[in-house]
Amino acid sequence: MILIFFMIIIVPFLLFAYYAHIKSIEGISHANTTMSMSYLQQARKNFEIYLNSVNDQVNDLIGNKQLQELLEKEPGNQAEEEAFTVNLLTILYPSTPLIDAFRVHVYPINPSHYPSYMSTIGESVEVGEEEWFLESKASISPTWHLSMPQRGKYSKPLLSYVKRFSGLYDQIPRGIIATDLSEDQLKRFFSPSDQLIEQKLLLLNDEGMIFFDSGRNEWTGSLLPSPRFNELIHSGREGSQSITMEGTTYLATFVKMDSVPWSIVSLTPLQELTGTIDEINRLLIIFLIIYLICCLGVVVYITINYTQPIAKLVRLMRRMETGDFRQLPYSSRGDEVGWLYRGVNSLTQRIEGLVEEASRSERKKKELEFQVLSHQINPHFLYNTLESIRWKAESHGRSDISEMVSALGNLLRLSLNQGNEITTLAREIEQVKAYVLIEQARMGQTVRILYACDSEAMSSPFLRLLLQPLVENAIQHSIRDNFEKGKILISARREGKDMVIDIVDNGKGIPEETLLQLNRDMDHGGKPVHRGVGLRNVNDRLKLYFGDNYKLKIETGPEIGTKITLRHPILEEETLRGEVAEAVR
């Protein structure tokens with residue numbers, strides 16, 4: 001309880017601290033996102049202007065009439081090719097510095113035909129077979145190509161704006177201009193803010209390839225290592241998200257460009273934004289640790305002085321539950337714990353007295369039960385007595401009394417069934433025959449009853465006392481008024497996994513109102529009418545043992561008599577053997 005009390009104090013405090021932390025992060029992130037978004041939009045605008053300016057400068061060079069004439073016809077020999085080189089370089093030397101780029105290369109459409117020129121500009125004739133050259137050669141739109149550092153050529157990545165151009169008055173390709181933008185050109189537009197340490201600015205193409213990385217080009221030439229953020233970039237024009245890359249969590253903001261399918265991305269380490277909050281969190285954790293240590297000290301004190309004595313008292317009381325009523329240690333404490341110890345000692349003494357008195361009462365009860373059992377009549381004694389009566393009746397020539405007594409004994413034996421609920425169909429039929437014999441003796445009339453049972457069904461396990469009430473009902477209510485013509489037929493057969501038994505009589509049938517009342521009683525319960533007590537009991541026992549699918553079905557009418565169909569599941573032989581074994585035990 002003490003721990004729960006402390007948790008009630010600590011948990012709300014922690015929840016409030018967590019809520020304040022989350023809201024602080026959200027506020028800082030929102031402010032950074034707003035600032036970064038504004039910065040990126042301005043950078044996008046400036047970079048778009050720069051790209052348009054570079055494109056215009058390249059177009060001015062392409063429109064040079066002398067350049068167009070030089071590239072119109074390929075040189076036929078080496079001398080012409082050397083003259084071409086001198087003339088083209090003469091044109092390019094004053095023109096290329098006017099283009100705001102790191103360098104500009106003009107390539108003939110077939111570089112392999114100009115070995116001297118390609119050697120002069122420091123390029124191989126095999127450049128015409130490179131992928132970027134072939135891509136630009138096959139496209140009428142400008143393309144972009146990223147060149148990673150190569151020894152002997154350039155030490156930093158170069159982003160090339162490659163454009164194929166044709167003649168001024170025809171569509172025949174003349175050459176390709178590659179305008180290289182170095183890191184210096186790109187830094188003018190994508191420099192991180194001085195207010196945020198470790199901020200990165202990235203330039204990505206539509207496939208997620210990084211063209212420029214302001215952080216010393218660590219990721220230039222590779223894909224952005226965050227597929228989730230790439231999906232966000234493809235889903236809108238601008239946005240922000242917290243992402244984790246290479247073990248560092250960044251607040252990422254992006255905007256898309258208009259003239260090219262690129263995106264400008266700002267990555268700010270979340271640690272740089274939340275450094276002060278983390279320091280507050282560390283102080284909070286230290287405070288909580290000290291607070292918990294104090295709480296544990298209080299708990300230990302309460303445990304030693306209160307909880308442990310009470311726990312010991314509980315263990316002693318459990319020992320008393322097993323019958324051990326030894327006196328508890330005496331406690332001289334004046335508080336509630338001491339009162340508990342002294343009260344339990346007093347209670348122990350009273351319980352010992354009550355247990356001794358209960359023991360005496362139990363012994364006396366056993367003596368009385370023994371006396372009652374010694375006077376009980378054994379069922380075998382009853383059977384033997386009925387057998388003696390039958391023997392005396394026969395010895396005096398009263399065979400009718402002998403048969404009636406024999407039938408009564410047989411009926412009693414079969415009804416009791418040694419206390420088992422499961423018998424066999426054969427024994428149940430035998431019980432019906434004993435009952436019919438007694439009824440004939442009582443009424444002095446012959447009851448005509450026929451049995452048509454499959455031999456294989458006779459040995460099947462069967463719930464006892466099901467057929468006798470139905471036969472009794474047929475005798476008492478159907479054929480009693482006309483024994484001379486009245487007949488009862490009992491048939492038994494197997495249908496699938498069930499045994500179906502029909503009790504049919506040719507009496508006057510059951511009145512319609514009585515039949516409706518019987519069906520309502522058997523289906524929904526209720527107080528049965530006088531005539532339906534036996535039917536209701538048999539129906540209830542069937543449903544109780546085997547479920548609602550097993551119940552009596554009654555068909556009756558003035559002309560057809562009454563037919564009662566009883567459906568009984570075919571039980572395994574182990575059911576009967578188990579009942580007998582249980583009775584033996």
Side-chain angles (χ1 to χ4, degrees), residues 379-380 382-387 389-391 393-394 398-494 499-507 533-535 537-538 541-542 552 561-568 570-571 576 579-580:
H380 292 288
L382 180 59
Y383 297 150
N384 292 335
T385 302
L386 290 174
E387 185 64 22
I389 296 173
R390 184 183 67 82
W391 178 78
E394 287 182 351
R398 297 300 302 271
S399 59
D400 55 341
I401 298 177
S402 173
E403 291 177 359
M404 190 172 183
V405 171
S406 176
L408 177 61
N410 194 28
L411 181 64
L412 178 61
R413 174 178 61 83
L414 294 171
S415 298
L416 293 176
N417 195 33
Q418 296 182 345
N420 299 326
E421 282 295 316
I422 302 298
T423 180
T424 63
L425 181 59
R427 290 171 63 88
E428 190 75 357
I429 294 294
E430 185 180 350
Q431 181 185 1
V432 170
K433 291 179 179 179
Y435 167 75
V436 171
L437 186 61
I438 293 173
E439 283 295 303
Q440 291 181 144
R442 284 179 58 244
M443 296 183 295
Q445 298 284 344
T446 300
V447 178
R448 292 190 291 177
I449 183 168
L450 304 177
Y451 303 93
C453 302
D454 292 346
S455 57
E456 61 178 7
M458 296 297 284
S459 60
S460 299
F462 197 81
L463 189 62
R464 70 188 180 101
L465 292 178
L466 292 181
L467 300 184
Q468 184 268 330
L470 301 180
V471 173
E472 180 181 357
N473 188 77
I475 293 174
Q476 298 296 331
H477 301 291
S478 292
I479 67 171
R480 186 181 182 88
D481 297 336
N482 191 359
F483 281 108
E484 294 180 358
K485 296 182 180 181
K487 295 179 183 179
I488 299 175
L489 172 63
I490 299 177
S491 63
R493 64 187 184 279
R494 295 188 60 167
M499 183 167 26
V500 179
I501 300 171
D502 295 326
I503 295 91
V504 183
D505 64 68
N506 60 350
V533 174
L535 296 177
N537 289 340
V538 172
R541 291 181 66 216
L542 280 172
L552 297 181
T562 301
K563 177 182 177 182
I564 299 178
T565 301
L566 183 151
R567 185 174 291 272
H568 189 289
I570 297 177
L571 305 176
L576 181 58
E579 288 275 1
V580 174

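- Taking 4.5 Å as the limit, some side-chain heavy atom of Val436 sits within range of a side-chain heavy atom of Val471.
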For this session: Show your reasoning for whether side-chain contact (heavy atoms from CB on, under 4.5 Å) applies to Leu463 and Arg541.
Result: CA-CA 9 Å; Leu463 189 62; Arg541 291 181 66 216; 3.6 Å; yes
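- Here the closest non-hydrogen pair linking Gly486 and Asn506 is CA-OD1, 3.4 Å.
- Nearest heavy-atom pair across Leu571 and Ile422 is CD1-CD1, 4.2 Å.
- Side-chain N or O atoms of Asp502 include none that pairs as donor or acceptor with a backbone N or O of Ala492 at under 3.5 Å.
- The shortest non-hydrogen separation linking Met499 to Ser460 is CE-CB, 3.9 Å.
- A donor-acceptor contact closer than 3.5 angstrom links the side chains of Gln468 and Glu472.
- Within the 4.5 Å cutoff, the side chain of Ile501 has heavy atoms near those of the Leu425 side chain.
- Using a 4.5 Å heavy-atom cutoff, the side chains of Lys487 and Leu489 are not in contact.
- Considering Ile488, Leu470, Ile449 in turn, Ile488 is the only one that fulfils the side chain to side chain contact (heavy atoms under 4.5 Å, CB included) rule with Ile475.
- The list of side chain to side chain donor-acceptor pair (under 3.5 Å) pairs with a residue in residues 443-456, not counting sequence neighbours, is empty.
- The closest donor-acceptor contact from the side chain of His568 to the backbone of Phe462 lies at 3.5 Å or more, if one exists at all.
- The distance from the CG atom of Asn473 to the OG1 atom of Thr562 is 8.0 Å, given to the nearest 0.5 Å.
- A donor-acceptor contact shorter than 3.5 Å is absent between the side chain of Glu439 and the backbone of Val447.
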Problem set entry | Evaluation steps, side-chain contact (heavy atoms from CB on, under 4.5 Å), between Thr565 and Leu552 | CA-CA 6 Å; Thr565 301; Leu552 297 181; over 6 Å; no
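- In this structure, Asp505 does not pair ionically with Lys563, as no charged nitrogen and carboxylate oxygen lie closer than 4.0 Å.
- Proximity of a side-chain donor or acceptor of Arg464 to a complementary backbone N or O of Thr424 within less than 3.5 Å is not detected.
- Remark: side-chain polar atoms of Glu428 are paired, donor with acceptor, to backbone N or O of Leu466 under 3.5 angstrom.
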For this session: Any chance you could lay out the side-chain contact (heavy atoms from CB on, under 4.5 Å) test for Ile429 and Cys453, step after step, and finish with the verdict?
Result: CA-CA 10 Å; Ile429 294 294; Cys453 302; 4.3 Å; yes
